[in-house]
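Because the structure is predicted, anything quoted here is derived from the model rather than measured. All heavy atoms count here, side chains included; hydrogens, waters and symmetry mates do not.
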Amino acid sequence: MRKIDVCLSPELVGSFDLSGKLVVVVDILRATTCMVTALAHDVAQILPVATLEECQPYCQRDGFVTAGERNGIQLAWMDLGNSPLAYTSGDYAGKTVVMSTTNGTLALDRSRAADQVIVGAFVNLKAVTEYVKAQSRDVLIVCAGWKGMVNLEDSLFAGALVDRVEGEFQHETDAPLVVQLMYRQAAADLSGTVYRSAHVRRLHNLGIKDDIDFCLTPSLFSLIPVLQGAALVPLSD
Ligand SMILES: O=C(O)[C@H](CS(=O)(=O)O)OP(=O)(O)O
């Protein structure tokens with residue numbers, strides 16, 4: 001039977017053998033929600049980079065848009081912050097977005113050794129679930145967390161995914177059961193639960209509100225970003 005596991009923080013990725021695995025990277029608030037939304041609104045590709053030093057050279061370059069944040073705040077030289085709503089107008093169609101965020105792009109960077117890396121968020125939960133179910137590979141969900149720590153919203157997404165593939169995968173450790181139980185407890189009021197999280201508090205302190213409800217909206221898009229070389233592009237059927 002195929003196996004599924006959950007890595008609750010990028011700091012723990014080194015404890016997992018990524019070879020031959022499908023990795024689903026998740027950073028609900030807000031990096032992976034941005035990635036799905038951007039590609040669903042015809043951004044050509046996303047170059048996720050772990051450091052600002054890798055991002056800044058693309059500043060003002062034709063065809064490129066720089067995006068991201070540190071501690072939730074957009075850097076002065078960036079074109080965009082880390083709001084998924086920035087992409088919904090379609091203004092960045094055809095562009096390459098070079099993105100660096102505090103947690104999300106780091107989680108992606110640490111997952112590169114996997115057989116395949118895809119991006120999950122509540123906004124593409126159904127599509128990710130169907131893709132995971134169709135796999136013959138073992139699956140690892142990598143939660144971006146917050147600065148090396150476990151967070152609630154990524155763990156809840158992991159629980160939602162584990163719950164939806166119940167019976168089709170064997171749990172490799174206890175982590176899938178932990179997040180599944182947590183998700184089942186929270187499922188009746190998922191957004192009410194996430195609103196109690198430290199990340200929502202941080203974003204509210206920065207005056208960021210609309211992004212949160214958007215990030216918690218299930219299955220708005222059927223698109224799945226996949227890492228192809230250095231770039232995230234839409235997974236083709
Ligand atoms: O922009 C975000 O939501 C966060 C910022 S913070 O580090 O939690 O302040 O970044 P992300 O990499 O999307 O978690």
Exercise. Should the pair Phe221 and Phe214 be assigned to parallel (<30°), tilted (30 to 60°) or perpendicular (>60°) ring geometry?
Worked result: tilted

Exercise. Do side-chain atoms of Asp17 reach the backbone of Ser19 as a donor and acceptor pair under 3.5 angstrom?
Worked result: yes

Exercise. So, Asp5 and Thr173: side-chain donor and acceptor under 3.5 Å apart, yes or no?
Worked result: yes

Problem set entry | Under 3.5 Å side-chain donor-acceptor pair for Thr66 and Gln56 | no

Problem set entry | Members besides Leu181 in its Ile/Leu/Val/Met/Phe/Trp/Tyr cluster (side-chain heavy atoms under 4.5 Å) | Leu177

For this session: Kindly give the cluster partners of Trp77, where membership spreads through any ILVMFWY side chain lying under 4.5 Å from a current member.
Result: Leu52, Leu75, Met78

If you round to the nearest 0.5 Å, how far is [atom2] of [Y] from [atom1] of [X]?
| X | Y | atom1 | atom2 | value |
| --- | --- | --- | --- | --- |
| Leu108 | Thr101 | CG | OG1 | 8.5 Å |
| Ser191 | Leu156 | OG | CG | 11.0 Å |
| Glu69 | Asn82 | CD | CG | 4.5 Å |
| Asn151 | His199 | CG | NE2 | 7.5 Å |
| Leu125 | Leu216 | CG | CG | 12.0 Å |

For this session: Could you walk me through whether Met182 and Thr193 pass side chain to side chain contact (heavy atoms under 4.5 Å, CB included), step by step?
Result: CA-CA 10 Å; Met182 190 193 298; Thr193 305; over 6 Å; no

For this session: Applying side chain to side chain contact (heavy atoms under 4.5 Å, CB included) between Leu220 and each of Thr88, Val36, Val123, report the one that passes.
Result: Val123

Problem set entry | Contact list for residues 5-39, test ring pair (Phe, Tyr, Trp, His ring centres under 6.0 Å), sequence neighbours left out | none

For this session: Just grab all the ring pair (Phe, Tyr, Trp, His ring centres under 6.0 Å) pairs involving residues 148-168, residues at least two apart or on different chains.
Result: Phe122-Phe157

Taking only residues two or more places apart in sequence, or in another chain, which ones meet [X] in a salt bridge (charged side-chain N to carboxylate O under 4.0 Å, His left out)?
| X | result |
| --- | --- |
| Arg70 | none |
| Glu130 | Lys126 |
| Glu168 | Arg2 |

Exercise. For His171, which residues count as a ring-ring contact (aromatic ring centres under 6.0 Å, His included) partner, sequence neighbours excluded?
Worked result: none

Name the atoms and distances for all side-chain donor-acceptor pairs under 3.5 Å in residues 110-119, with sequence neighbours left out.
{"unit_1": "Arg110", "atom_1": "NH1", "unit_2": "Pro10", "atom_2": "O", "d": "3.4"}
{"unit_1": "Arg110", "atom_1": "NH1", "unit_2": "Glu11", "atom_2": "OE2", "d": "3.1"}
{"unit_1": "Ser111", "atom_1": "OG", "unit_2": "Ala107", "atom_2": "O", "d": "2.8"}
{"unit_1": "Arg112", "atom_1": "NE", "unit_2": "Asp109", "atom_2": "OD1", "d": "3.0"}
{"unit_1": "Arg112", "atom_1": "NH2", "unit_2": "Pro48", "atom_2": "O", "d": "3.2"}
{"unit_1": "Asp115", "atom_1": "OD2", "unit_2": "Arg137", "atom_2": "NH1", "d": "2.8"}
{"unit_1": "Gln116", "atom_1": "OE1", "unit_2": "Tyr131", "atom_2": "OH", "d": "2.6"}
{"unit_1": "Gln116", "atom_1": "OE1", "unit_2": "Arg137", "atom_2": "NH2", "d": "2.6"}
{"unit_1": "Gln116", "atom_1": "NE2", "unit_2": "Tyr131", "atom_2": "OH", "d": "3.4"}

Exercise. Sequence neighbours excluded, which residues qualify as side-chain hydrogen bond (donor to acceptor under 3.5 Å, both in side chains) partners of Ser89?
Worked result: Asp91

Cut-off 3.5 Å, no hydrogens considered: what does the side-chain donor-acceptor table look like for residues 37-47, sequence neighbours left out?
{"unit_1": "Thr37", "atom_1": "OG1", "unit_2": "Thr33", "atom_2": "O", "d": "2.6"}
{"unit_1": "His41", "atom_1": "ND1", "unit_2": "Thr37", "atom_2": "O", "d": "2.8"}
{"unit_1": "Gln45", "atom_1": "NE2", "unit_2": "Thr96", "atom_2": "OG1", "d": "3.2"}

Problem set entry | Nearest atoms (heavy-atom pairs only) where Pro225 meets Asn124 | CD-ND2, 3.9 Å

For this session: Could you please spell out the steps behind the side chain to side chain contact (heavy atoms under 4.5 Å, CB included) verdict for Val150 and Ser155?
Result: CA-CA 8 Å; Val150 172; Ser155 306; 3.7 Å; yes

For this session: Kindly indicate, with the supporting measurements, whether the criterion side chain to side chain contact (heavy atoms under 4.5 Å, CB included) is fulfilled by Tyr183 and Leu161.
Result: CA-CA 9 Å; Tyr183 169 73; Leu161 185 51; over 6 Å; no

For this session: Could you please spell out the steps behind the side chain to side chain contact (heavy atoms under 4.5 Å, CB included) verdict for Val23 and Leu18?
Result: CA-CA 8 Å; Val23 164; Leu18 302 185; 4.1 Å; yes

For this session: Could you name each residue pair satisfying side chain to side chain donor-acceptor pair (under 3.5 Å) that touches residues 210-220, not counting sequence neighbours?
Result: Arg30-Asp211, Ser83-Asp211, Tyr195-Asp213

